[in-house]
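No experiment lies behind these values; they were computed from the predicted model shown.
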Amino acid sequence: MTTLLLHHPATLEHKTPTGHPERPDRIRAVERTLAAEEFTPLIRRLAEKADTDTICLAHPRAYVEAIQEAAPDTGLVGIDSDTVMSPGTLEAIERGAGAAVQAVDAVMTGEVQNAFSAMRPPGHHAERTKAMGFCFYNNAAIAARHAQTKHGAGHVAIIDWDVHHGNGCQDIFWADKTVLYASTHQMPLYPGTGALSERGDFDTIVNAPLRPGSGGETFREAFESRIMARLEDFGPDLVIISAGFDAHWRDPLANLRLEAEDFAWATRKLMEFAGRHCGGRVVSVLEGGYDLQGLSDSVAAHVRTLMEA
C-alpha cells in the first residue's frame, strides 16, 4: 500500500483578482514539486465532482444551492471581501470536495494507507452557511461526515495546522461528540476565533493558539501537549489533516516561524498515532500556504513523510 494523490486541472480555473494570495500558481508550485522522481511511487488520480447530496453532509442544501446560483458565467463575483467566484470556481470546489471524499474511500477500504488532496481553494473557513476566508465548501468536514455515513466510522479527528484558525470546522462540529477538531494557529489573526476557552459542547474542540513569532519548538510543544494528548483519549477511526502551510516562516499572511521539517514532524506524529489506533488511516487535504517556495518545501516534506508508511 502507498500514498494516493488527488488532483485535477479544474482547480487552476478558480480565478482570483490580480495580487490575491490564493491563486492558481499555488497548485502549479505543488505540481512541480510532486513531479520530482522521488514522488513517482504516488498513486495519482483525477478528482471527481462531489454531488450536492455529498456536499450537504456538512452544509444545508439551501446554502449549497445559493453557491451554485452565485457562480458567474463571466467575470468575478464577490462573496465576501476576500472570497470571489469566477466561471471556473464551481467545478473547482465541487472537485475539491470530491477529492476529499475519494481520499476517504481509498483509505477506509484499505486500498491505500493514506492520501493527499492537492486541490484549491481551501475549505476550513467555510462554516455551515457562510463562505469566507477564500473558502466555499468545507472539504475536511465533508470528508469526516462521509467517513461516518458511508464507512461507519464512529469517531473522526480533524487536525488543523494551518496558521489561521479553522472557524468553519469549529462551527460545524461544535455540538458533535463524534468529531474532534483540534487546531494550532497564530492568535491574534484572522478570523479571530480559536481561543483556549472555545471547547465545544462536548469538549471536542481543542485549540492551541500560538503567539506571533513562535517557531518550531513552541509549535511542537503545543502540538504534543494539547493536541496529541487529547487525540489519545478520543480514539478516532480516521485522522484527517487540514494541511495548511502558511505557518512557514516565508509566508506573507502571518508571523509564525515554522520550517518544512516541522510539518514533517507533525505528519509523522499523526501517522504514528494512526498506526497504533486506527489502522494507519490518514487523509490530508490542502488548506493555506501562500509563499510558493515555502508551500513547495512544506508539501514535499509532508508528502514525503506520508509515503514512509
Side-chain angles (χ1 to χ4, degrees), residues 1-14 26-27 30-31 34-35 39-59 64 67-68 88-124 126 135-153 156-160 168-169 172 179 236-244 267 270-271 274 278-287 299 302-303 305-307 309:
M1 291 189 290
T2 186
T3 297
L4 172 64
L5 172 67
L6 281 306
H7 64 105
H8 198 282
T11 199
L12 299 171
E13 297 305 314
H14 166 56
R26 298 181 62 233
I27 294 300
V30 169
E31 290 176 342
L34 298 181
F39 298 109
T40 301
L42 290 169
I43 298 173
R44 300 169 188 258
R45 288 184 187 154
L46 292 176
E48 300 172 358
K49 288 184 182 181
D51 60 26
T52 298
D53 288 344
T54 298
I55 297 167
C56 287
L57 292 173
H59 300 284
V64 177
I67 292 293
Q68 293 168 344
T89 298
L90 187 61
E91 181 178 355
I93 61 179
E94 289 174 346
R95 291 192 187 276
V101 166
Q102 283 175 262
V104 168
D105 287 341
V107 168
M108 293 299 292
T109 59
E111 181 186 1
V112 298
Q113 189 67 70
N114 53 55
F116 177 59
S117 170
M119 300 289 288
R120 61 173 282 277
H124 73 151
C135 304
F136 300 88
Y137 297 152
N138 197 310
N139 300 322
I142 293 167
R145 287 289 188 233
H146 181 74
Q148 293 179 317
T149 57
K150 182 171 181 179
H151 298 283
V156 177
I158 300 173
I159 311 300
D160 187 342
C169 289
I172 291 167
V179 177
D237 300 304
L238 172 68
V239 173
I240 297 173
I241 302 173
S242 272
T267 305
L270 293 176
M271 289 173 62
C278 56
R281 293 186 289 271
V282 174
V283 165
S284 176
V285 296
L286 180 64
E287 300 285 2
V299 166
H302 177 54
V303 174
T305 307
L306 289 174
M307 292 171 65

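To the nearest 0.5 Å, atoms CZ (Arg281) and CG (Asp237) are separated by 6.0 Å. With rounding to the nearest 0.5 Å, the separation of CG in Leu5 from CZ in Phe39 is 10.0 Å. Atom CG of Leu57 and atom CD1 of Ile172 lie 11.0 Å apart (nearest 0.5 Å). Of the inter-residue distances, the one linking Leu270 atom CG with Ile241 atom CD1 reads 5.0 Å to the nearest 0.5 angstrom. Taking NE2 from His302 and OG1 from Thr267, the interatomic distance works out to 4.5 Å, rounded to the nearest 0.5 Å. Here CD of Glu287 is found 5.0 Å from NE2 of His124. Values are rounded to the nearest 0.5 Å.
Taking the side chain as every heavy atom from C-beta outward, Ile27 and Leu286 approach each other to under 4.5 Å.
Here Thr11 pairs with nothing under the side-chain hydrogen bond (donor to acceptor under 3.5 Å, both in side chains) rule; sequence neighbours left out. For Arg44, the side-chain hydrogen bond (donor to acceptor under 3.5 Å, both in side chains) test picks out no residue, with sequence neighbours left out. Evaluation of the ring pair (Phe, Tyr, Trp, His ring centres under 6.0 Å) rule for His146 yields His151 as partners, not counting sequence neighbours. Residues satisfying the salt bridge (Lys or Arg N to Asp or Glu O under 4.0 Å) test with Arg95, not counting sequence neighbours, are Glu91. Looking at residues two or more places apart in sequence or on another chain, you find no side-chain hydrogen bond (donor to acceptor under 3.5 Å, both in side chains) involving Glu48. Here Ala144 pairs with Val156, Ile158, Phe173, Ile240 under the side chain to side chain contact (heavy atoms under 4.5 Å, CB included) rule; sequence neighbours left out. Leu46 meets the side chain to side chain contact (heavy atoms under 4.5 Å, CB included) test with His7, His8, Pro9; sequence neighbours excluded. Take Gln148 and apply the side-chain hydrogen bond (donor to acceptor under 3.5 Å, both in side chains) test, not counting sequence neighbours, and it matches Arg145, Thr178. Ala50 meets the side chain to side chain contact (heavy atoms under 4.5 Å, CB included) test with Thr54, Ile55, Ala97; sequence neighbours excluded. Asp105 meets the salt bridge (Lys or Arg N to Asp or Glu O under 4.0 Å) test with Lys150; sequence neighbours excluded. Applying the side chain to side chain contact (heavy atoms under 4.5 Å, CB included) rule to Ala103 yields the partners Leu6, Ala115, Val283; only residues at least two apart in sequence or on another chain are considered.
In terms of heavy atoms, Val107 sits closest to Gln113 at CG1-O, 3.8 Å. Contact record, Val285 with Ala100: CG1-CB, 4.0 Å, taken as the closest heavy-atom pair. The minimum heavy-atom distance linking Ser117 with Gly96 is given by the pair OG-O, 4.5 Å. Ala126 and Phe136 get closest at one heavy-atom pair: CB-O, 3.4 Å. The shortest heavy-atom contact between Met119 and Ala99 is CG-CB, 3.9 Å. For Ile93 against Ile67, the heavy-atom pair with the smallest separation is CD1-CG2, 3.8 Å.
Sorted by first and then second residue, the ring pair (Phe, Tyr, Trp, His ring centres under 6.0 Å) pairs involving residues 88-110 (not counting sequence neighbours) form an empty list.
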Between Asn114 and Ser284, does a side chain to side chain contact (heavy atoms under 4.5 Å, CB included) hold up when you go through it step by step?
CA-CA 8 Å; Asn114 53 55; Ser284 176; over 6 Å; no
Residues Leu238, Cys278; criterion side chain to side chain contact (heavy atoms under 4.5 Å, CB included); working and verdict:
CA-CA 6 Å; Leu238 172 68; Cys278 56; 5.8 Å; no
For Gln68 and Leu90: C-alpha separation, side-chain torsions, deciding distance, then whether side chain to side chain contact (heavy atoms under 4.5 Å, CB included) applies.
CA-CA 7 Å; Gln68 293 168 344; Leu90 187 61; 4.1 Å; yes
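The closest donor-acceptor contact from the side chain of His59 to the backbone of Ile142 lies at 3.5 Å or more, if one exists at all.
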